[in-house]
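The shown structure was predicted, so the numbers you read here are calculated from the model rather than taken from an experiment. Note on naming: letters A, B, ... go to the chains in the order of the sequence lines (proteins, then strands), and numbering restarts at 1 for each one.
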There are 2 protein chains.
Amino acid sequence: MTDGADYNQSLKLFIVLSRAYKAINETSSKFFQEHGLNPTEFGVLELLYHKGKQPLQKIGGKILLASGSITYVVDKLEKKGLITRIASPEDRRVTYAEISEEGHRFMSEIFPEHEKNLHELMTALSDEEQKQAIDLLKKLGLSIKDLSY
Amino acid sequence: MTDGADYNQSLKLFIVLSRAYKAINETSSKFFQEHGLNPTEFGVLELLYHKGKQPLQKIGGKILLASGSITYVVDKLEKKGLITRIASPEDRRVTYAEISEEGHRFMSEIFPEHEKNLHELMTALSDEEQKQAIDLLKKLGLSIKDLSY
DNA sequence: TATTGTTATACTCTATAACTATA
DNA sequence: TATAGTTATAGAGTATAACAATA
């Protein structure tokens, strides 16, 4: 195989990867929006739902958002009553965001629905094919992360 | 296998798919930006580079952008000297966007570099694994598109 | 001095609606 | 009437920089 063909195959992989991602993401985003959230807000809420309270700083790191933007997103979620700010007793510079009772109830309802939606979108692939795809994409994603250091 | 486990696997596939896509996309976006373009502008330019001149209307359809937004993007590319507007002789309502000589030179330089970057990002997967990934993702992407009709 | 989070501000991108000109 | 593209406008989301409080 020539290098040219190789390049072409990588481009093709990028294209099908983009299309699959965008198709799924579009569906998910619509779902979030129906529940009054944008993808960033859902991401923060999901983080707090699954990993417990987090310093704002840390949320910014995980969601890749500047500190000023975190304040903006956290404000919005707090105004919706889905999270609360909690001052850290150890370090008074630090503020935690924690999911509220209402937020927890909310996520308990919509997260399984989100999972179900994803499951339905994935039914084109058999169980075994999904496993293969997961392995390949995990390998790919991890290696790229390594490259970017 | 229970339904629960199934759902979990779909979620996992979504997560690794998102991570891989975002990692690649971030790298590509940075590359575009280094050359003065955002991903949308690159997308339009790539379309014109590979498919020849297109009515603005049609560009909007392919890139999924409202007509007012297309005007905005095309304006920017035109100001950069990378494309030109051409009035249609047959239907005077129609305007084509065509890549300029400068735009063509520009793409002849950066597109192969873009491909090379992608190729390097994909080297974690063997030739055979890339083929598998392409098949799986194509299958997935197509089926989701079908679902959304 | 460095770090956390907030505030103020500006910018980019996109959508919408009203419009012009053509068909 | 319908369509293509433009213009004007507004809004969401993000980044940046200056700042206050704390370490």
Enquirer: Can you name the atoms? Protein N/O to nucleotides 1-5 of chain C N/O, anything below 3.5 Å, with the distance.
Expert:
from  : atom 1 : to    : atom 2 : distance (Å)
C:dT3 : O4'    : A:R93 : NH1    : 3.3
C:dT3 : O2     : A:R93 : NH1    : 3.3
C:dT4 : OP2    : A:Q57 : NE2    : 3.1
C:dG5 : OP1    : A:L56 : N      : 3.3
C:dG5 : OP1    : A:T95 : N      : 2.9
C:dG5 : OP1    : A:T95 : O      : 2.9
C:dG5 : OP2    : A:Q57 : N      : 2.5

Enquirer: Go through the structure and list residues passing side chain to side chain donor-acceptor pair (under 3.5 Å) with B:E41, not counting sequence neighbours.
Expert: B:K76, B:K80

Enquirer: Are more than 12 heavy atoms, taken from residues, nucleotides or ligands other than A:E101, located less than 6.0 Å from that residue's CD atom?
Expert: no

Enquirer: Starting from P on D:dA15, measure out to CD1 on A:I63 and report it in whole angstrom.
Expert: 12 Å

Enquirer: Separation of B:E90 atom CD from C:dT22 atom P, in whole Å?
Expert: 16 Å

Enquirer: Output side-chain donor-acceptor pairs under 3.5 Å for residues 68-75 of chain A, partner residues at least two apart or in another chain, one line each.
Expert:
from  : atom 1 : to    : atom 2 : distance (Å)
A:T71 : OG1    : A:S67 : O      : 3.3
A:D75 : OD1    : A:R85 : NH1    : 3.0
A:D75 : OD1    : A:R85 : NH2    : 3.0

Enquirer: Rounded to the nearest 0.5 Å, how far apart are CG of B:L13 and NZ of A:K131?
Expert: 12.0 Å

Enquirer: Using side chain to side chain donor-acceptor pair (under 3.5 Å) as the criterion, list what pairs up with A:N38, not counting sequence neighbours.
Expert: none

Enquirer: Between P on D:dG5 and NZ on B:K53, what's the gap in Å once rounded to a whole number?
Expert: 13 Å

Enquirer: Where along residues 72-80 of chain B does a heavy atom come under 4.0 Å from DNA chain C, residue by residue in number order?
Expert: B:Y72, B:K76

Enquirer: Figure out the CZ/P separation between B:F42 and C:dC13, and round it to whole Å.
Expert: 16 Å

Enquirer: Between A:N38 and D:dG13, is there a side-chain N or O to OP1/OP2 distance below 4.0 Å?
Expert: yes

Enquirer: In whole Å, what is the span from the CG atom of A:L64 to the C1' atom of D:dG13?
Expert: 15 Å

Enquirer: Could you tabulate the donor-acceptor pairs under 3.5 Å formed by side-chain atoms of residues 52-66 of chain A, not counting sequence neighbours?
Expert:
from  : atom 1 : to    : atom 2 : distance (Å)
A:Q54 : NE2    : A:K51 : O      : 3.4
A:Q54 : NE2    : A:G52 : O      : 3.3

Enquirer: Pick the closest DNA chain D nucleotide for A:T40 and for B:I70 by heavy atoms, then say which residue is nearer the 5' end.
Expert: B:I70

